[in-house]
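This structure is a prediction, so every number in the text was calculated from the model and none was measured.
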Amino acid sequence: NRLNAIIWGLKWEISSGPGIRCIDAKNFDRHNIPMAFFQEKLLWDITELLRFEHTGEFGFDFETGRYGTAYVMAGFVFAPDGIVSVALRFTNDYDDVNSEVINEHKVILSLEIPIRNSSTK
C-alpha cells in the first residue's frame, strides 16, 4: 500500500506491508523473520534554498510480536541548485533483537555533490 500527498509545498509518502528480515546476530537463533513494516517520508521545501527532510521506518515481528525495529531521520538541507549542498541530519536507529547495541543516535553533517547526467536539466 502506498499513499502520496502534496500539500502546501510538503511532499509526504506513506507505505506499509509485509517483509522478511534476514539477521545474523550473536546469541540469536532466528535468521529469517517475517515482519510487518510501516514507512513514511516527508520533504518540505521551506524556501528555494532550504529543505526539511524526515524519514521513518517501523517494523515488528509477525510471528511473536516480541521484536521491533525503528529508524527515524530528521534534518535540514541547504541546497542551492546545481551547487554543493550542506545537510545536517539527526538519526535514531532502534533494534531490540538480542544484540549489544539496541539504540544508536547519530548527528551527521555532510556535503552533497549533485550528479546529473547530461540529458536531464
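When the side chains of ILVMFWY residues are joined at heavy-atom separations under 4.5 Å, either directly or via intervening members, Ile20 and Phe60 end up in two distinct hydrophobic clusters. The cluster map of Ile, Leu, Val, Met, Phe, Trp and Tyr, joined by side-chain heavy atoms under 4.5 Å apart, puts Leu88 and Val84 in the same cluster.
The two residues Cys22 and Asn32 come nearest to each other via the heavy atoms SG-OD1, 3.3 Å. In terms of heavy atoms, Phe58 sits closest to Ala70 at CD2-CB, 3.7 Å. When every heavy atom of Pro18 is checked against every heavy atom of Phe62, the shortest pair comes out as CB-CE1, 4.2 Å. For the residue pair Met35 and Gly59, the shortest heavy atom distance occurs at CE-C, 3.8 Å. Considering all non-hydrogen atoms of both residues, Ile102 and Asp96 come closest at CG2-CA, 4.3 Å. Minimum interatomic distance between Glu40 and Trp12 (heavy atoms only, all atoms of both residues): OE1-NE1, 3.1 Å.
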- Pair Val77-Glu53, side-chain contact (heavy atoms from CB on, under 4.5 Å): steps then yes or no: CA-CA 8 Å; Val77 180; Glu53 299 177 344; 3.5 Å; yes
- Task: Could you give me the CA-CA distance, side-chain angles and deciding distance for Asp45 and Lys11, then say whether side-chain contact (heavy atoms from CB on, under 4.5 Å) is met?
- Result: CA-CA 9 Å; Asp45 292 326; Lys11 297 171 193 144; 3.3 Å; yes
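Counting only heavy atoms from C-beta outward, the side chains of Asp93 and Asn103 never approach each other to under 4.5 Å. Leu10 has its side chain within reach of Leu42: a pair of non-hydrogen atoms, C-beta onward, lies under 4.5 Å apart. Proximity of Thr55 to Gln39: side-chain heavy atoms (C-beta onward) are nowhere separated by under 4.5 Å.
Note that CG of Asp24 is 14.5 Å distant from CZ of Arg30, once rounded to the nearest 0.5 Å. Rounding to the nearest 0.5 Å gives a distance of 13.5 Å between CH2 of Trp44 and CZ of Arg51. The CZ atom of Arg21 lies 13.0 Å from the NE2 atom of His31; values are rounded to the nearest 0.5 Å. Taken to the nearest 0.5 Å, the CZ atom of Phe78 stands 12.0 Å off from the CG atom of Leu111. Between the CD1 atom in Ile23 and the CD1 atom in Ile33 there is a gap of 3.5 Å [rounded to 0.5 Å]. In this structure, OG1 in Thr69 is found 11.5 Å from CG in Asp61, a value given to the nearest 0.5 Å.
For Tyr71, the ring-ring contact (aromatic ring centres under 6.0 Å, His included) criterion is met by no residue, not counting sequence neighbours. In terms of the ring-ring contact (aromatic ring centres under 6.0 Å, His included) criterion, residue partners of Phe76 (sequence neighbours excluded) are, by chain and number, Phe52.
Each of Glu57, Lys41, Lys106, Arg89 was evaluated against Met73; a single residue qualifies, Arg89, per the side chain to side chain contact (heavy atoms under 4.5 Å, CB included) test.
Ser110 places no side-chain N or O within 3.5 Å of a backbone atom of Glu112 that could act as its donor or acceptor partner. Not a single donor-acceptor pair under 3.5 Å links the side chain of His54 to the backbone N or O of Gly75.
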